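All of these numbers come straight from a predicted model, not from anything done at the bench.
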Amino acid sequence: MENNISKFTQLYFKYIFSNNYTYILTTSKNLVPIMKESFGVLEEKVKVWGQPRNDAIFRKNDRSKILDSIYKDLPKYEKIALYAPTYRKDTSTVFFPFEDFDKDELNNFLEKNKLIIFIRCHQSETQNINRELGERIRVINSDKVEEIMDIINIF
């Protein structure tokens, strides 16, 4: 799709590469036209296959069995949520970064709604989590689950 390449280079890429591709893989149907143009192929040669790391979302996992193996003392719950803020190496993550954050109000809400929040943070930031946030807020870092994508679909 580059505009500033010579006709020779365009032909070279077409005959050496584009005409010889079996398929071009992409992660989204929105990217099909871009990949078609970028690689100089027919749209039928562009296949949407997603990303392998996201395949775990569609795997069947037993939520109760997984959580019972990680935590023996969970309160009764109907719903669980994963809170995994993005790590930024130049700044510390502030968990629940709201001016009006009230730990007791949050815990009352979680109790009333039978909800548990699991926090997943970067391994270097475990000291930043106040472990006294309440019984319905749990840390689920790599010491509990090495790869969160293996169980992402339970949340």
Could you measure the distance from the [atom1] atom of [X] to the [atom2] atom of [Y]? Nearest 0.5 Å is fine.
| X | Y | atom1 | atom2 | answer |
| --- | --- | --- | --- | --- |
| Phe118 | Leu82 | CZ | CG | 9.0 Å |
| Asn20 | Lys14 | CG | NZ | 12.0 Å |
| Glu135 | Leu74 | CD | CG | 9.0 Å |
| Asn113 | Glu111 | CG | CD | 10.0 Å |
| Ile119 | Ile117 | CD1 | CD1 | 7.0 Å |

**Prompt:** Taking only residues two or more places apart in sequence or in another chain, which ones pass side-chain hydrogen bond (donor to acceptor under 3.5 Å, both in side chains) with Asn19?
**Reply:** none
**Gln51: side-chain hydrogen bond (donor to acceptor under 3.5 Å, both in side chains) partners, not counting sequence neighbours** =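 Listed in chain order: Asn54.
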Below 3.5 Å, can you tabulate the donor-acceptor pairs from side chains in residues 28-37 to any protein atom, sequence neighbours excluded?
residue, atom, partner, partner atom, Å
Ser28, OG, Asn30, N, 3.0

**Message:** Determine whether the aromatic ring centres of residues Phe13 and Phe39 are separated by less than 6.0 angstrom.
**Reply:**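 No, they do not, as the ring centres are separated by 6.0 Å or more.
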Hey, is [atom1] on [X] packed in by over 12 heavy atoms from elsewhere, all under 6.0 Å?
| X | atom1 | answer |
| --- | --- | --- |
| Lys47 | NZ | yes |
| Glu146 | CD | no |
| Tyr12 | OH | no |
| Tyr21 | OH | yes |

**Message:** With a 3.5 Å distance limit and no angle check, can you tell me whether Arg120 reaches the backbone of Val145 through a side-chain donor-acceptor pair?
**Reply:** yes
**Request:** Please answer whether the main-chain N or O of Asp104 pairs with a side-chain N or O of Asp102 as donor and acceptor at a distance below 3.5 Å.
**Result:**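 It does hold such a pair.
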**Residues in ring-ring contact (aromatic ring centres under 6.0 Å, His included) contact with Tyr23, at least two apart in sequence or another chain** = none
Between [X] and [Y], what is the shortest heavy-atom contact and its length?
| X | Y | answer |
| --- | --- | --- |
| Phe96 | Tyr83 | N-OH, 3.5 Å |
| Gly40 | Ser18 | O-CB, 3.4 Å |
| Asp73 | Arg138 | OD1-NH1, 3.1 Å |
| Ala81 | Phe155 | C-CD2, 3.8 Å |
| Lys114 | Arg136 | C-NH1, 3.7 Å |

Please determine whether residues [X] and [Y] belong to a single hydrophobic cluster, defined as Ile, Leu, Val, Met, Phe, Trp and Tyr linked transitively by side-chain heavy-atom distances below 4.5 Å.
| X | Y | answer |
| --- | --- | --- |
| Leu115 | Phe101 | yes |
| Phe8 | Ile16 | no |
| Phe98 | Leu110 | yes |

**Prompt:** Excluding sequence neighbours, so at least two apart, what forms side chain to side chain contact (heavy atoms under 4.5 Å, CB included) with Phe58?
**Reply:** none
**Asked** Do Ile137 and Leu106 come within less than 4.5 Å of each other through their side chains, counting heavy atoms only?
**Response**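 Yes, close enough: below the 4.5 Å cut-off.
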Name every donor-acceptor pair, under 3.5 Å, that has one atom in a side chain of residues 59-71 and the other anywhere in the protein, sequence neighbours excluded.
residue, atom, partner, partner atom, Å
Asn61, ND2, Asp150, O, 3.1
Asn61, ND2, Asn153, OD1, 2.9
Asp62, OD1, Ser64, N, 3.2
Asp62, OD1, Lys65, N, 3.1
Arg63, NE, Ile154, O, 2.9
Arg63, NH2, Ile154, O, 2.7
Ser69, OG, Ile66, O, 2.7
Tyr71, OH, Val139, O, 2.1

